[in-house]
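Both counts, for ligands and for their atoms, begin at 1 and track the order of listing.
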Amino acid sequence: MIKAMYVHIPFCNNICSYCDFPKIYYQEDLIDKYLDTLNYELEKVYKKEMIDTIYIGGGTPSSLSLKQTIKLFEILKKVKKSKNIEFTIEANFDSITEEKLDLYKKYGINRISFGLETTCNKHLKFLNRTLSKKKVKQVIDYANKMGIKNINIDLIYGMPKERIDELEQDLDFILSLDITHISTYSLIIEEHTKLFINNIENIDEDLDYKMYEIIRKKLKENNFYQYEISNFSKKGYESRHNLTYWNNEKYYGIGLGASSYINDRRITNTRSINKYLEKKFIYTEEKLTIDDKCIYEMILGLRKIKGIKKEEFFKKYNCHIEEKFDIMNLKDKKLLEENNGYIFIPQDKLYIQNEILLSFVGGSSNGKRE
Ligand code: SF4
């Protein structure tokens, strides 16, 4: 049964230097055609299940005008929504307005994920972003006032020459806001980004580790509990949509570059806007064997701090987790722990989770979190 849907809006008013997401510059004349194609794709793939979480991501969904936003929400009216739906939209502070927030509320949005990334002017410039702290406060206050109380803020750290005190200032500012969720990402220089082309290098691993631990400590002290490698929330405000991914459950993904997990297949859509508009949606399709599914279960499930419930694993795959993977060996090396029927990565090894996760598929990693 599919209960989650991701919808991709690729348009951005500005392209950030680190960005590896499927995105294109906002082009007024393309948007209607894109939304029509999205509507066509939705009608083609969606089998009318009751959906429990919808996540509109991007790109920058808030870059759409009011009229375009209405068109998007009208398209999504076709989706049967459960009473308790978690309905998220991503937004940037540059393009959000009170009118757009009113519209979000009207169409049932109950969670907003804002890209803030950093408050430091020097680093904002490096990331090719802008931010007004005054506007951030106004927007969050307004969203709360109108009843959208489930709010995430994205933070990026680990920019070259970023100092610990600058990271702490970012955290202080974010913690001063009335929000429920914080996602943190260490800057990774991805190929095909402006930073990669400019030969920018990742920061020293020791500093990266130190920053990660500072974030974990400070957020914990402020009642944000860590439930995933990079995600923290107030109790009860975990992202139900993202938990679909980490629980290795099925989901629809529609739009440019979106991924789906349906019918035992992992499908990735094209990143070419021309192909997408020609309705040539699929770029790759991977048919999963039972072994593949078990590997996904491990590499996704162990991102959760509480880990994988052994009983659930057995129910899903009709075999014990230890029959599939050398759990004992990893426990001996103190890379995994077991408690209360759950297998999980110990707190002091979270930083090297990539290495641990890769042991389930073979290979090695640089150890940085993603
Ligand atoms: S990071 Fe977000 S806002 Fe920036 S270019 Fe990428 S998708 Fe657009």
Please tabulate, for side-chain N and O atoms in residues 1-9, each donor-acceptor pair with protein atoms closer than 3.5 Å (sequence neighbours left out).
residue: Y6; atom: OH; partner: H8; partner atom: ND1; Å: 2.7
residue: H8; atom: NE2; partner: P22; partner atom: O; Å: 2.7

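By the rule that hydrophobic residues join a cluster once side-chain heavy atoms approach within less than 4.5 Å of another member, L288 and I290 end up as members of separate clusters. The hydrophobic cluster containing L175 also contains I153, counting ILVMFWY residues as joined when their side-chain heavy atoms lie under 4.5 angstrom apart, directly or transitively.
Counting only protein N, O or S atoms, 1 lie closer than 2.8 Å to atom 8 (Fe) of ligand 1.
Regarding atom 1 (S) of ligand 1, its nearest protein heavy-atom neighbour is Y18 OH, 3.5 Å.
For Y25 and F11, the distance between ring centers is not under 6.0 angstrom. Side-chain rings of Y157 and Y212 stay apart, their centers remaining 6.0 Å or farther from each other.
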For this session: Test side-chain contact (heavy atoms from CB on, under 4.5 Å) on I96 and K135 and set out the steps.
Result: CA-CA 10 Å; I96 197 71; K135 180 157 184 199; 4.2 Å; yes
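Remark: R266 qualifies as a cation-pi partner of Y296 under the 6.0 Å distance and 45° angle criteria applied to the six-membered ring.
Short contacts between ligand 1 and R129, defined as distances under 4.0 Å to a heavy atom of the residue, involve ligand atoms 3 (S), 4 (Fe).
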